[in-house]
Amino acid sequence: MDYIINTKGLSYSYHNGQKALFDVNIAIKPGEKTAVIGSNGSGKSTLFLCLNGINKPQKGDVFFKGNKIDYSSKGLLNLRRSVGIVFQNPDDMIFSSSVRQDIAFGLLNMGFSNSQAEEKIKSISKFLNLEGLLDKPVHELSGGEKKRVSLAGVMVMEPEVIILDEPGAYLDTLNAKTVYKIIDSLSQKGKTVIISSHNMDFVLNWADSVIVLKEGKVVFNGRTEDLFLNNELLNFAVLDEPQIIKIYNMLINKGVIEAGAPVPKNITELEMLIK
Amino acid sequence: MTKKEKKVFLLTSVLCLFFAVPQKAQAMLIMEGYLPPKDCVLWFVLCIPFIAAGFMSLKKITAENKKALIILAMAGAFTFVLSSLKIPSVTGSSSHPTGTGFGAVIFGPWVMSIIGVIVLVFQALLLAHGGITTLGANTFSMAVAGPFVSYGVYKLCRKLKVGKFISVALSAGLGDLFTYCVTSFQLSLAYPSPNGGIIMSMVKFLAIFAVTQIPLAIIEGIITALALSAIEKISDIDFDNKGILKMEA
Amino acid sequence: MINSVYITEYIKNVNPNIKTVFALSVILSCVIFKEPLGCIFAMSVMWALIIKNCRLSRHLICHIVLWPVLFIAFSSFMVAFDITNYKGEIFSFKIINSYFLTVNAQGAKKAIRLFFTSAASLSSMYFLSFTTPVNDVVYVLKTIKCPKEITELFMLIYRFIFIVLNMAHSIITAQNCRMAQRTFKTRINAMALMLSSVFVLSYNKSLFMYNAMLSRCYSGDINFLNEKYDNNRKHVLFAVVVVLVIVLISALERVF
């Protein structure tokens, strides 16, 4: 099977010797929607930084399209054209004086000319509703606007894989919903999307597969339904059950729906089950 | 009120305003338009060798380590914020630290001269402190003289086996004091007394600034030393006297 | 801060090189000639341009504009004073023995000229600061072929100032909620702790920022998008006329 990104025996320690990842083996197919979940400090962000070459593992390998990552400057530049990452805190990503300059940063680094960059910026700002903000200083943006700018800066580079570290962090409900819609649209365009999230309902509804990390080790790698029906594993990994699954289990116990009925991923599917 | 009492009252009020207003407004920066053109040019020219050396140092550091530019930019932002914060003063009011001691001890004086110029430009553009024609003079006092004296005092103290806390406190305090002495000299050079020349004028400026600047320098020294010792305790930043960070571990 | 002022589209699109050269020329004319009438004319033109093209809040006027102007007034006043061994023409106060604190006509004249020169220069600087966002200053630096390390550092410092300021203000607020301002000793301690925390947080943030830049194919050079501005000859003509009028008024004032 062809994987777009996979790791074999990946182990990583911080410069102070603290171990962050132990023998991580994951494999993600092209176009797949993968959620990496785990409690704080489980190694999710560290894993993401390994996938785009920022962190070089002490042991094991990371593969992109079957090829081992080349850690030379040229190799890393090529990798980062194809694997984009959006950090949790937009203030960690936005460093130019205006929105337009910040979105252009990646494009100009890739060698696009000014006019080509302007065209792409116009297109992505229309898609992400940033048209009126292009000349605004970055520090005047709200949290939601900053998040969309940080997304724009990566999406405009059109990577094949987009990694989003806790995309809903620092956002109110409305802005989080907007970001989740954008993530959906990325998947619909055929991009391979990897996210980390603490929102289990979103993970259940959106992800095709889920990887669970606990203290730097992979404790589960498979379908979302298989994870969320396994209470023992959820307790072990210190994860919460999605509300939909809680209601599903309750309805099975009360005999409203048959045991073994397909696991609903959202309210709509649950409603159909009940009917 | 007798004529003498009126004069004393007027003088006291004027002196109170002298001490109160500088604290509110300017720290030790010379305002835009304050210096005659020849003085502006003189101080610009005097800064050139230091800025040039600082630029060479910056280029060398960033060529060796690309991360350095980002760290130095953050240091510049930190220096700007430090110089715009209010520190408590024994006179009851508050004023702004120079921030030169802090930066010089950690990053060294050469790179601080470049960072200092950029911070001064931002102070002029964002806070209307200082100016563009007086940039040369302000750079010389705050980005060259202050950091070099701070760094020199620190290195000397460490060579004499003085404890780190005292070394940092002395370097920051003396750096601040030296900055204010240089500023006083710059103003007295521009506005010499018709009677006593530059010296009498300098005595006048030093005397007026001394009341606020001496306690400020002492407090800045103490705060800088406390802050740096806290940094060493709470962080794992490697102060190795090589690369970007010059403070010894 | 000054950068948060709203400015009209018209002034935003004027070439920043023209605005910078105009402001600096006015400052230089005032500083070279130091004639009050010329400076008053310069001040009037600058403030007319500022009021027409910028929306200034009362808070900004009080904190950013008023205090520097007051400082100039009192500093100029200070220049008028002198320590002499004779009584002054306008004011005398005996300090000790035969020394007096005096104000003479020459000193007073110097103080007045200094006040107007500084006020006019400050007005020009306000014009530049209010109408030229930092992005445009980067454009000016590129035009004068400033080394790229300086330009990059300039842009990064600008962005980071707001991040570090936010950190500092959050920590100060949190400290004040826990009675950090109670005594002089607690204030010193709180400030030292705040500075150390902000330094460490800033240092760590710079490392995150570096990773973010690497993720977007940063290879050591920060490339800037070329901005487009309105290169209208009328702007240049206006600037030249204003400066010439300042010089003419100053020259006539000097002669008469």
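First the proteins, then the strands, lettered A, B, ... as listed; each starts at 1.
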Legend entry - Centroid-centroid under 6.0 Å between C/F160 and B/F80 rings: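 Judged by ring-centre distance (under 6.0 Å), C/F160 and B/F80 do not meet the cut-off.
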Legend entry - Closest-packed option against chain B by number of heavy-atom pairs under 4.5 Å, given C/N189, C/I172, C/L207, C/V137: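 Most heavy-atom pairs within the cutoff with chain B belong to C/L207.
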Legend entry - Selection from C/L128, C/L122, C/T132, C/I163 maximising heavy-atom pairs under 4.5 Å formed with chain B: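 That would be C/L122.
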Legend entry - Contacting moiety of B/V121, where chain C heavy atoms sit under 4.5 Å: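 It is the side chain, since no backbone atom gets that close.
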Inset, instruction - Using non-hydrogen atoms and a 4.5 Å limit, figure out which bit of B/L187 sits close to chain C: side chain, backbone, both or neither. - result: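 Answer is neither: B/L187 stays 4.5 Å or more from chain C.
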Inset, instruction - Taking side chain to side chain contact (heavy atoms under 4.5 Å, CB included) as the test, write out the residues that go with C/P147, two or more places apart. - result: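 Side chain to side chain contact (heavy atoms under 4.5 Å, CB included) list for C/P147, sorted by chain: B/F55, C/E149, C/I150.
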Inset, instruction - For B/L42, enumerate each residue passing the side chain to side chain contact (heavy atoms under 4.5 Å, CB included) test, keeping only those at least two apart in sequence or located in another chain. - result: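 Residues passing side chain to side chain contact (heavy atoms under 4.5 Å, CB included) with B/L42: B/L46, B/L189.
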Inset, instruction - Using a cut-off of 6.0 Å, state whether more than 12 heavy atoms not belonging to B/K59 lie near its atom NZ. - result: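 Result for NZ/B/K59: open.
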Inset, instruction - Evaluate the side-chain proximity of B/I70 to C/L156: yes if any heavy-atom separation is below 4.5 Å, no if none is. - result: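 Answer yes - side chains close enough.
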Inset, instruction - Would you check if B/F78 and C/Y203 make a side-chain contact, meaning some heavy-atom pair closer than 4.5 Å? - result: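 The answer is no, as the side chains (C-beta and beyond) never meet within the 4.5 Å cut-off.
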Legend entry - Given B/T224, B/L228, B/L85, B/L226, the one that forms side chain to side chain contact (heavy atoms under 4.5 Å, CB included) with C/L195: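 Answer after filtering B/T224, B/L228, B/L85, B/L226: B/L85.
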What's the separation between atom [atom1] in [X] and atom [atom2] in [Y], rounded to the nearest 0.5 Å?
{"X": "C/M191", "Y": "B/E220", "atom1": "CE", "atom2": "CD", "value": "8.5 Å"}
{"X": "B/I132", "Y": "C/S121", "atom1": "CD1", "atom2": "OG", "value": "11.5 Å"}
{"X": "B/L69", "Y": "C/I222", "atom1": "CG", "atom2": "CD1", "value": "6.0 Å"}

Inset, instruction - Just give me the residue among B/S84, B/A63, B/P37, B/C40 that pairs up with chain C most often, heavy atom to heavy atom, under 4.5 Å. - result: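 Result: the option with the highest number of such pairs is B/P37.
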Legend entry - Parallel, tilted or perpendicular, as decided by the 30° and 60° cut-offs, for the rings of B/F122 and C/Y158: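 Aromatic pair C/Y158/B/F122 classed parallel.
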Inset, instruction - Report the C-alpha distance between C/S76 and B/Y34 in whole Å, list the side-chain angles of each, state the deciding distance to 0.1 Å, and finish with yes or no for side-chain contact (heavy atoms from CB on, under 4.5 Å). - result: CA-CA 9 Å; C/S76 308; B/Y34 234 72; 3.7 Å; yes
Legend entry - Side chain C/S118, main chain B/E32, donor-acceptor under 3.5 Å: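 Yes: the side chain of C/S118 pairs with the backbone of B/E32.
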